Amino acid sequence: MASGTNRDVLGRGLAVLGRAIREQPRIFAVAVTGSVLFGLMVIASAYVVGAVVGDVVVPAIERGSVATGTLVLAATALFGISVLRVVGIFGRRLGAGYMQYRLQAAYRRRVTRRYLELPLAWHHRNATGTLLSNANSDVEAAWYPIAPLPFAVGTLVMLVGAVASLFVTDWALALVGLAVFPALFALNVVYSRRMAPRQARAQRLRAEVSGIAHESFDGALVVKTTGREAQETARFAGRAGELRDALISVGRLRGVFDPMLETLPSLGTLAVLVVGTFRLRQGAIGVADLVSVAFLFTVLAFPVRAIGWVLAELPRSVAGWDRVRRVLDATGEMPYGDRELDPATPTPATLAFRDVCFAYEPAEAHLPGTEVLGEVSFTVPAGRTVALVGPTGAGKSTIASLAVRLVDPRSGTVTLDGVDVRDLTAASLARTAALVAQVPFVFDDTVRANITLDRPGISDDDVWAALRLAEADGFVAALPDGLDTMVGERGTSLSGGQRQRLTLARALAGRPRLLVLDDATSAVDPRVEAAILAGLRAADRPGTPPASILVVAYRRATIALADEVIYIEQGRVVARGTHAELLATVPGYADLVTAYEQAEVERAQEQPYDAEADPLHSGLEMEVDR
């Protein structure tokens, strides 16, 4: 079983190397040419050294003088061979390094592009730390053997040439070579087989350590507020200790095999000297031949190690490639269509849900999916504001995600202006609809960059207009560098409400015809929220075309601004109408809104609103935002 597994690792590893060669054939050819040149010059240098000893040194000792012409010729030959060896080394290393780094860069791009193509459901099933490891250490591991590969290929050519030259020189010395070289290969194969499981385990533990570290950093607030620093440290230390032990196991195996790989060519040299001395006494070979063969065995020790390096790294390469290929071969992407909505249309879009059902995919394939929505139907008419209201877990955020096609329904249709969102191009959908999520994400960049996102056609005037509409122009103007202020990682220099308003301005800067707000102003003071929503509803806002609005709402003041309210329970539309109508006719709705309102009153009493502290008035951060 183990033997079969190891043969499988060798075969799959060679297949990975074959893929690399097919993708970068020209660079590989340059690297191998340099390596072959180096190998041939190693063989040539051995015979030149032998000739120098036999034809220059020995006669000089016997005569007591050196012929100047012969000495110059020998020096010229050695210098020329050395120059060619340097050229070979340069070509080999430059080509191998260029090939390796190009492959790593290309596959990092492919993995990242695949991440963006795959749906959110796939991301939910995969830990962020693992995904980071896939794009970084796994890609590096997959192509790590590329660096010694051209050297190993050149070494194979060199070994064939060396064995052929040995047979030309003397059959007895050739037999010594035939005994040593296969022994080196056998030792390298055993080394690779023993190393395979150790490298695979180490690569897996690298991803797990990365995942735990990412969780600890990302959840620092939870860890600190619940006093679990010691437990998280112990959890990380335990897995880091496993990785340490795995790497030590790798190091121990190398410590055992490396001396053996170094010693075997030396033993071969000793055997050549013993056999060669006997053959020299028989007159079968000369001094030059013996010196050449002994020197050849001496200089072959290092190049032969290149084959061992490749074989030793194949298990790690296979482990990394398997993890990278798992991402590249993942299915479930949502292909876009080829239909376009007229980008010049200034009117709001109409959003319609028709018998939409949705279930989240399970974490494990054999488990049933969790149904979230069942036959949901409603319409957001052009230019109107519709509020989604319902208890926690009713499916409101799922509806918001479906509206902008972050996910696709299991059945039913979601349309924009009568066109199924699955038939739209990605660009058309992005121009038409924008989502502002409850949890805002801010890049570690300037305010301007966070709003424009390098989208063409958004000027500073457009940025300020979006900020004014999001009621964010006051605090941005008060920042030290205004639009050029760096906001820190995830916007750490801003309060929660400021981050929400900044992400709202980001959406508005793109002038969407449909705006989906998933509780996007929950961290904003109610008065500011009311001002934002009133501004969004204003069709005559200068320079800002009106948009249809779908808002997931909790506050009574926000809900009351909507033209229609959709009340949802357990993934189904229970009632619809104006706020006043539902308040009077739907007990569940009335109880829910009253509970929300009571919670807001209690929060306001615990943390009263201070208009003087509002950044809209003073440019300072609101405590209520934090």
Side-chain angles (χ1 to χ4, degrees), residues 119-120 334 341 345 347-354 356 358 372-373 376-390 394-409 412-422 424 426-441 451 453 455 466 469-470 499-524 529 532-537 544-555 558-559 561-568 571 573 576:
L120 289 179
M334 299 186 299
L341 296 177
T345 301
T347 58
T350 298
L351 171 70
F353 277 58
R354 293 289 179 267
V356 171
F358 180 83
V372 180
L373 301 177
V376 170
S377 297
F378 67 89
T379 300
V380 180
R384 310 291 280 179
T385 299
V386 173
L388 286 176
V389 180
K396 303 182 297 297
S397 293
T398 302
I399 290 175
S401 297
L402 285 163
V404 294
R405 211 196 167 202
L406 292 181
V407 293
D408 279 338
T413 59
V414 179
T415 63
L416 284 171
D417 287 344
V419 180
D420 193 320
V421 293
R422 289 170 290 197
L424 293 174
S428 182
L429 183 59
R431 283 195 304 265
T432 304
L435 170 69
V436 185
Q438 179 181 5
V439 179
F441 183 84
I451 294 175
L453 297 182
R455 289 174 290 183
L469 196 54
R499 289 195 294 271
Q500 282 193 334
R501 281 177 276 171
L502 200 63
T503 54
L504 176 58
R506 174 193 299 160
L508 294 172
R511 297 175 176 267
R513 297 169 53 215
L514 170 68
L515 187 62
V516 182
L517 306 177
D518 184 7
D519 196 22
T521 53
S522 59
V524 176
E529 181 186 41
I532 292 172
L533 292 176
L536 293 177
R537 284 173 53 96
T544 303
S548 307
I549 301 173
L550 176 65
V551 55
V552 175
Y554 294 91
R555 293 168 175 167
T558 305
I559 299 170
L561 289 172
D563 299 301
E564 184 181 23
V565 179
I566 306 294
Y567 180 56
I568 300 174
V573 176
R576 67 185 68 196

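No experiment lies behind these values; they were computed from the predicted model shown. For this chain, numbers begin at 1 and follow the sequence in order.
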Review point. Between Val389 and Lys396, is any pair of side-chain heavy atoms under 4.5 Å apart?
Key: no
Checklist entry - Just by distance, do the side chain of Arg513 and the backbone of Thr347 share a donor-acceptor pair under 3.5 Å? => result yes
- Task: In sequence, state the C-alpha distance, the side-chain angles, and the governing distance for Phe358 and Ile399, and then conclude on side-chain contact (heavy atoms from CB on, under 4.5 Å).
- Result: CA-CA 9 Å; Phe358 180 83; Ile399 290 175; over 6 Å; no
Answer yes or no: is there a side-chain heavy-atom contact under 4.5 Å between Leu514 and Thr350?
no
Using side-chain contact (heavy atoms from CB on, under 4.5 Å), reason through Arg431 and Leu341 one step at a time and then give a plain yes or no.
CA-CA 9 Å; Arg431 283 195 304 265; Leu341 296 177; over 6 Å; no
Checking side-chain polar atoms at under 3.5 Å, does Ser397 have a donor or acceptor matched by the opposite partner on Asp518?
yes
**Message:** Quick one, Val404 and Leu429 - any side-chain contact, counting heavy atoms below 4.5 Å?
**Reply:** no
Practice task
May I ask you to test the Val414-Arg405 pair for a side-chain heavy-atom distance under 4.5 Å?
Solution key: no
inquiry  = Walk me through whether Val573 and Tyr567 qualify under side-chain contact (heavy atoms from CB on, under 4.5 Å).
reply    = CA-CA 6 Å; Val573 176; Tyr567 180 56; over 6 Å; no
Nearest heavy-atom contact between Ala505 and Ile451 is O-CG2, 3.9 Å
- Message: What verdict does the side-chain contact (heavy atoms from CB on, under 4.5 Å) test give for Ile568 and Leu388, after you've listed the backbone C-alpha separation in whole Å, the side-chain angles of each residue and the deciding distance to 0.1 Å?
- Response: CA-CA 7 Å; Ile568 300 174; Leu388 286 176; 3.7 Å; yes
Smallest heavy-atom separation, Pro409 atom then Gly412 atom, equals CG-O, 3.8 Å
For this session: For residues Arg506 and Arg455, determine if any side-chain heavy atom of one lies less than 4.5 Å from a side-chain heavy atom of the other.
Result: yes
All heavy atoms of Pro348 vs all of Gly383, minimum pair found to be CB-N, 3.2 Å
All heavy atoms of Val376 vs all of Gly571, minimum pair found to be CG2-O, 3.3 Å
Scanning both residues in full, the closest heavy-atom pair of Ala507 with Ala434 reads CB-CB, 3.9 Å
*Heavy atoms, side chains only, cut-off 4.5 Å: are Val386 and Pro381 in contact?*
yes
The single option from Asp417, Leu416, Thr415, Thr432 that satisfies side-chain contact (heavy atoms from CB on, under 4.5 Å) with Leu424 is Leu416
Notebook entry, point to check: Is there a side-chain hydrogen bond (donor to acceptor under 3.5 Å, both in side chains) between Thr379 and Arg576 once you walk through the steps?
Noted result: CA-CA 11 Å; Thr379 300; Arg576 67 185 68 196; over 6 Å; no
With distance as the sole test, does Ser548 use its side chain to make a donor-acceptor pair with the main-chain N or O of Ala349 at under 3.5 Å? yes
Answer yes or no: is there a side-chain heavy-atom contact under 4.5 Å between Thr413 and Val356? no
d(Arg499 CZ, Phe441 CZ) to nearest 0.5 Å is 11.5 Å
side-chain contact (heavy atoms from CB on, under 4.5 Å) test vs Leu515 passes for just one of Leu435, Leu504, Leu550, namely Leu504
